[in-house]
Number of protein chains: 2
Amino acid sequence: MASSIHDLARHLNISIGTVSRALNGRADVNADTRQRVLDAAAKLNYSPNQSGRSLRRGSTHSIAFMLQPHPGDQQYGEPFFIPFLTGLQAKLAESGLDLIVVMGAPGDYQQERLRRVVETRRADAVVLAWTRREDERIDYLTRVGFPFATLGRSRSGGKSYPSLDLDFEKAGAEAVDRLVARGHRRIAAIRPSLNLNFGYLFLAGYRKALRRHGIEVDPGLIAEGFINEAGGYEVTPQVMRSKDPPTAIIFNNDAMALGGCKALAEMGIKPGHDIAVIVIVDTPLCRYFSPALTAFRPPLEPMGRRLAEMLLASIPAFAGTEGARIIREVWPLELIARDSD
Amino acid sequence: MASSIHDLARHLNISIGTVSRALNGRADVNADTRQRVLDAAAKLNYSPNQSGRSLRRGSTHSIAFMLQPHPGDQQYGEPFFIPFLTGLQAKLAESGLDLIVVMGAPGDYQQERLRRVVETRRADAVVLAWTRREDERIDYLTRVGFPFATLGRSRSGGKSYPSLDLDFEKAGAEAVDRLVARGHRRIAAIRPSLNLNFGYLFLAGYRKALRRHGIEVDPGLIAEGFINEAGGYEVTPQVMRSKDPPTAIIFNNDAMALGGCKALAEMGIKPGHDIAVIVIVDTPLCRYFSPALTAFRPPLEPMGRRLAEMLLASIPAFAGTEGARIIREVWPLELIARDSD
DNA sequence: TGTGTTGTCGTAAACGTTTACGGAAAAACG
DNA sequence: CGTTTTTCCGTAAACGTTTACGACAACACA
């Protein structure tokens, strides 16, 4: 059933060495024999055993993406990653690499799982998402010298690895600009823990833009909640109950926005009518919510493709002739104007 | 850096055979030496090279899930799979197995990718989703004798493999019952290709229930569309323009429902007011849509856990002492009543 | 004809494990 | 004390590849 290179060799009456060389396109094999080997391989539908190959080669020819279930979302997950992974996989496939997605258990923030992947050498490199401001995964990977790239930036690990991030800072500022241009001066920001780097960046852009417009930053209008629906639901009333309540809210996350809008509805406040709402990262929920939420949309599939390129370019073994180089990019987010602001 | 079993053996002045036996918990090794081996392994943080191990053992100790990007949804993917995968991974981890998710390219319906996984022996078994009524993946896997389990049923492959499905037939019937009880007699069904098995099952339930209520099945009220938003948008006006238009619509898919509701809105018809709408499989979109859509919700995470159990039970090498058995289950869907019907 | 070059292939070692087998020492038994 | 059993460990083969090395033939060149 499982035809090996020995079967091929026996079938053709040549040595396994020649078969291997023929299959791997090496120069020192007669054009005629190569063709015979290729034909036989197709006929016996032989394909090389991955374990044997990577044992000998010392590389697995596959890249791992660490997928972490979003904390606190039991019922459904984010639709965010699939197009990103589609792009990632498409680009990796062009280089003959496999993408494998490693699921983390909901609790442990991947450390356990990541160690396992690295130590058992299950992949040649990993891709991380949900980067934190200080990220122990990045510390670990740089410490042991394992190749990786990140979706999102971090302060950990210096500039030693490729990263692709979205410009949350600019998005935060743009959101403020847009609201100010429409006459708002009291603008609230609802965000997750600053430990999540995109939360930190967003807040920085928000602050900077406010100051640029000569508006004082009011700590009472900034609230931190758990990064899910419950977090938004819980924290939104706090800013609304400040003595001088906001006329606009920027949510840093779609789930928090939905929870927040629920809280607003219960207070009789209607987004797009009584208050302006902007969401930093768009998902289908923003589009179909009523009113449809104005949001910034990330180009997920191209990001996946690009990060794959960047990762490969950073690894000498994969970066063609040009040698390894570390690329770090920050992409803009596109504002999709809808009905909520 | 990469410490091997040889390093361990040299460090302890014993043979690699003994080290391996100690690590693998075999009986014929002195309790004292075993302890020393374990300590040394922890100290040098040794963990076995996966390639070497699976080459020798002939098994990879990992299960592959074939993830197919939903056809036609470029911008975002379904939030459906993450909780399912969480359950799957949790249960597999309890048996020391790894879950890897293999991304398919958007076009090829996985055949290419699946062959690759099987032929290179990258996993010991695979899990399939989006089963079709006649499923070439299932045919292929049974033909080559590769272990697998499916989320969803199929006519292919007989009863030779474990499967876990939702009772779409019952859900379709329940939806009809509910609508009839509320006075509807003209009930439309909007569904994807019957090739997708859940579409087939849904329609069967729909038909059966209508007949049970003595209502004639009107082909003009049944429409088939592409399984995405555009499909629903395109096809919904067709049923609405029939000479005796429906007073209720059952959508077989959340994306189709959203597209359909958009079309209804453009015709000035308001779900929950002018027409009743029920969706067969719930997602967050149904919850946050306005009006919130009544839908049937699947228990995704438990389904993942259960399918993992069923898969393991079907493979002699993993099923403890009890021997292999094929389990097939069909789970009920729970109706979540909201505002659209 | 002798020497060097080129093209093609076989041999064998190596990657890191696991495990069947056998052997030596220790323990049990008469 | 001699024999048998048990306990423990080392040896070596095997899993399926890739690849360094050398061998051999053919060919070119002087």
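Proteins get letters first, then strands, A, B, ... in listed order; numbering begins at 1 in each. Keep in mind it's a predicted model, so treat the numbers as computed, not measured.
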| message | Going by the rule side chain to side chain contact (heavy atoms under 4.5 Å, CB included), which residues pair with B:D139 if we only count those two or more places apart in sequence or in a different chain? | response | B:S156
| Partner residues of A:T142 under the side chain to side chain contact (heavy atoms under 4.5 Å, CB included) criterion, sequence neighbours left out |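 Scan of A:T142 (side chain to side chain contact (heavy atoms under 4.5 Å, CB included), adjacent residues dropped) gives A:I138, A:F148, A:S160.
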In whole angstrom, what separates [X]'s [atom1] from [N]'s [atom2]?
{"X": "B:Q50", "N": "D:dG16", "atom1": "CD", "atom2": "P", "result": "17 Å"}
{"X": "A:L12", "N": "C:dG10", "atom1": "CG", "atom2": "C1'", "result": "15 Å"}
{"X": "A:H61", "N": "D:dT17", "atom1": "NE2", "atom2": "C1'", "result": "13 Å"}
{"X": "A:E119", "N": "C:dG16", "atom1": "CD", "atom2": "C1'", "result": "16 Å"}
{"X": "A:L8", "N": "D:dT18", "atom1": "CG", "atom2": "C1'", "result": "15 Å"}
{"X": "B:Y46", "N": "C:dG16", "atom1": "OH", "atom2": "P", "result": "10 Å"}
{"X": "A:R10", "N": "C:dG10", "atom1": "CZ", "atom2": "C1'", "result": "16 Å"}
{"X": "A:I14", "N": "C:dT11", "atom1": "CD1", "atom2": "P", "result": "12 Å"}

Would you say [N] has OP1 or OP2 under 4.0 Å from some side-chain N or O of [X]?
{"X": "A:T18", "N": "C:dC9", "answer": "no"}
{"X": "B:S51", "N": "C:dG16", "answer": "no"}
{"X": "A:N30", "N": "C:dG7", "answer": "no"}

Please enumerate all protein N or O atoms sitting under 3.5 Å from an N or O of nucleotides 20-26 of chain C, with distances to 0.1 Å.
residue	atom	partner	partner atom	Å
C:dA20	N6	B:R21	NH1	3.4

| message | Assess the residue pair A:L151 and A:T131 against the criterion (side chain to side chain contact (heavy atoms under 4.5 Å, CB included)); give the C-alpha distance rounded to whole Å, side-chain angles, the decisive distance to 0.1 Å, and a yes or no. | response | CA-CA 7 Å; A:L151 178 62; A:T131 51; over 6 Å; no
| field | Nucleotide of D:dT17, C:dT18, C:dG16 approaching B:H6 most closely (side-chain heavy atoms) | value |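 Side chain of B:H6 sits closest to C:dG16.
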| message | Measuring from the side chain of A:N24 (C-beta onward, heavy atoms only), which nucleotide among C:dT17, D:dG10, D:dT19 has the closest atom? | response | D:dT19
| With a non-hydrogen cut-off below 4.0 angstrom, is B:T33 in contact with a base, only sugar-phosphate, or nothing? |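 Counting heavy atoms under 4.0 Å across all strands, the contact made by B:T33 is with sugar-phosphate only.
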| said: Over all strands shown, is A:S20 touching base, sugar-phosphate only, or nothing at heavy-atom distances under 4.0 angstrom? | reply: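 Base: the residue A:S20, judged by heavy atoms under 4.0 Å, touches a nucleobase.
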Please tabulate, one pair per line, all N/O donor-acceptor pairs under 3.5 Å involving side-chain atoms of residues 98-106 of chain A, not counting sequence neighbours.
residue	atom	partner	partner atom	Å
A:D98	OD1	B:R113	NH2	3.2
A:D98	OD1	B:R116	NE	3.0
A:D98	OD1	B:R116	NH2	3.4
A:D98	OD2	B:R122	NE	3.3
A:D98	OD2	B:R122	NH2	2.9

| query | Hey, does the side chain of A:D135 reach the backbone of A:R132 with a donor-acceptor pair shorter than 3.5 angstrom? | reply |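 Answer holds: yes.
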Considering only distance and modelled atom types, tabulate donor-acceptor pairs under 3.5 Å from the side chains of residues 31-41 of chain A, sequence neighbours left out.
residue	atom	partner	partner atom	Å
A:T33	OG1	A:N30	O	2.8
A:R34	NE	A:A22	O	3.4
A:R34	NH2	A:R26	O	2.4
A:R36	NH2	A:L12	O	3.3

| said: Can you pull out every side chain to side chain donor-acceptor pair (under 3.5 Å) where at least one residue sits in residues 52-64 of chain A? Sequence neighbours excluded, please. | reply: A:S54-B:S51, A:T60-A:S62, A:T60-A:D124
| query | What residues form a side-chain hydrogen bond (donor to acceptor under 3.5 Å, both in side chains) with A:R115, not counting sequence neighbours? | reply |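 Once residues adjacent in sequence are excluded, the partners of A:R115 under the side-chain hydrogen bond (donor to acceptor under 3.5 Å, both in side chains) criterion are A:E119.
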| note | Those residues at least two apart in sequence (or on a different chain) that pass side-chain hydrogen bond (donor to acceptor under 3.5 Å, both in side chains) with B:D165 are B:R153
| message | What's the angle between the local helix axes at either end of the helix from C:dT1-D:dA30 to C:dG30-D:dC1, using five pairs per end and rounding to 10 degrees? | response | 50°
Below 3.5 Å between N/O atoms, which protein atoms pair up with nucleotides 13-15 of chain C? Just atom names and distances, please.
residue	atom	partner	partner atom	Å
C:dA14	N3	A:R56	NH1	3.2
C:dC15	O2	A:R56	N	3.2

| Can the positive tip of A:R328 be found less than 6.0 Å from the middle of the six-membered ring of A:Y161, inside 45° of the ring normal? | yes
| task | Would you list the pairs meeting salt bridge (Lys or Arg N to Asp or Glu O under 4.0 Å) in which at least one residue belongs to residues 304-314 of chain B, sequence neighbours left out? | result | B:K91-B:E309, B:E94-B:R305, B:E301-B:R305, B:R306-B:E309, B:R306-B:E329
| request: Just jot down the ring pair (Phe, Tyr, Trp, His ring centres under 6.0 Å) partners of B:F65, sequence neighbours excluded, or say none. | output: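 B:F65 satisfies ring pair (Phe, Tyr, Trp, His ring centres under 6.0 Å) with B:F81, B:F84 once adjacent residues are dropped.
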